[in-house]
Amino acid sequence: MTKKRSMQEPTFLLLTALADQPRHGYALGDEVAAISDGRVRLGAGTLYGTLDRLLAEGLIRVEREETVDGRPRRVFALTPAGTRALTDESERLRAALREADRRLATTRNRLAGGTA
C-alpha cells in the first residue's frame with residue numbers, strides 16, 4: 001500500500017469549506033478563516049492559486065459563473081474525487097489524533113503516579 005502525502009492545510013480547509021455547499025472565492029476565504037477560528041487567512045494569491053490547482057487536479061469544479069456588481073464570480077463545488085480526498089485526509093488526521101491522545105493518556109497516567 002502506498003502512503004499518500006498529507007494534504008497541505010490550505011487545501012484541507014478549502015475542501016472542508018466546500019463540503020457542505022458550493023461557494024465563491026471570497027466566501028471561501030471567509031469560511032476558511034471561520035473554520036480555523038481566524039488562525040488561517042488566505043491571501044488572494046494563495047486562495048486563487050490553490051483553487052486553480054484543485055480545479056486542475058479534479059478535486060473541485062466550477063458549478064456556475066455569475067456576474068455580481070459587474071464583476072465575474074465563479075462558484076466552486078467539490079467533485080466526487082474531492083469528497084474522497086477530504087474523507088481520506090479526515091480519516092488520516094483522526095488516526096493521528098487517536099494516537100496522540102493515547103500517548104498523552106500514558107504520559108498523564110505516569111505523571112499522576114508521580115514517576116516523572
Report summary line: Residues at least two apart in sequence or cross-chain that pass side chain to side chain contact (heavy atoms under 4.5 Å, CB included) with Ala33, listed by chain then number, are Arg41
Report task. Could you tell me which residues satisfy side chain to side chain contact (heavy atoms under 4.5 Å, CB included) with Glu99, sequence neighbours excluded, listed by chain and number? Result -> Arg102, Arg103
Query - Heavy-atom closest contact (Ala77 atom, Glu63 atom, distance) - result: CB-OE1, 4.0 Å
Query raised in the report: Does Asp30 have any salt bridge (charged side-chain N to carboxylate O under 4.0 Å, His left out) partners at least two apart in sequence or in another chain, and if so, which?
Result: none
Requested in this report: Using the test salt bridge (charged side-chain N to carboxylate O under 4.0 Å, His left out), find all partners of Arg94 that sit at least two apart in sequence or belong to another chain.
Outcome: none
**Report entry** Test side-chain contact (heavy atoms from CB on, under 4.5 Å) applied to Thr67 and Arg71, step by step
**Finding:** CA-CA 5 Å; Thr67 303; Arg71 300 179 72 191; 5.7 Å; no
Report summary line: The complete set of side chain to side chain donor-acceptor pair (under 3.5 Å) pairs with one or both residues in residues 31-40, sequence neighbours excluded, reads Glu9-Arg39
Once side-chain hydrogen bond (donor to acceptor under 3.5 Å, both in side chains) is applied, do any residues pair with [X], and if so which ones, sequence neighbours excluded?
X: Glu57; value: Arg53
X: Glu66; value: Arg64, Arg73
X: Arg61; value: none

Report task. Give a yes or no answer on whether the side chain of Arg74 reaches the backbone of Gly25 with a donor-acceptor pair at less than 3.5 Å. Result -> no
Query raised in the report: Hey, does the side chain of Thr79 reach the backbone of Gly58 with a donor-acceptor pair shorter than 3.5 angstrom?
Result: yes
Query raised in the report: Pro72 versus Glu65: any side-chain heavy-atom pair under 4.5 Å?
Result: no
Query raised in the report: Cluster partners of Val62, using ILVMFWY side-chain heavy atoms under 4.5 angstrom, listed by chain and number?
Result: Met7, Phe12, Leu13, Leu14, Leu15, Leu18, Leu28, Val32, Ile35, Val40, Leu42, Leu47, Tyr48, Leu51, Leu54, Leu55, Leu59, Ile60, Phe76, Leu78, Leu86, Leu93
Query - Point-to-point distance, once rounded to the nearest 0.5 Å, from CD of Glu89 to OG of Ser6 - result: 6.0 Å
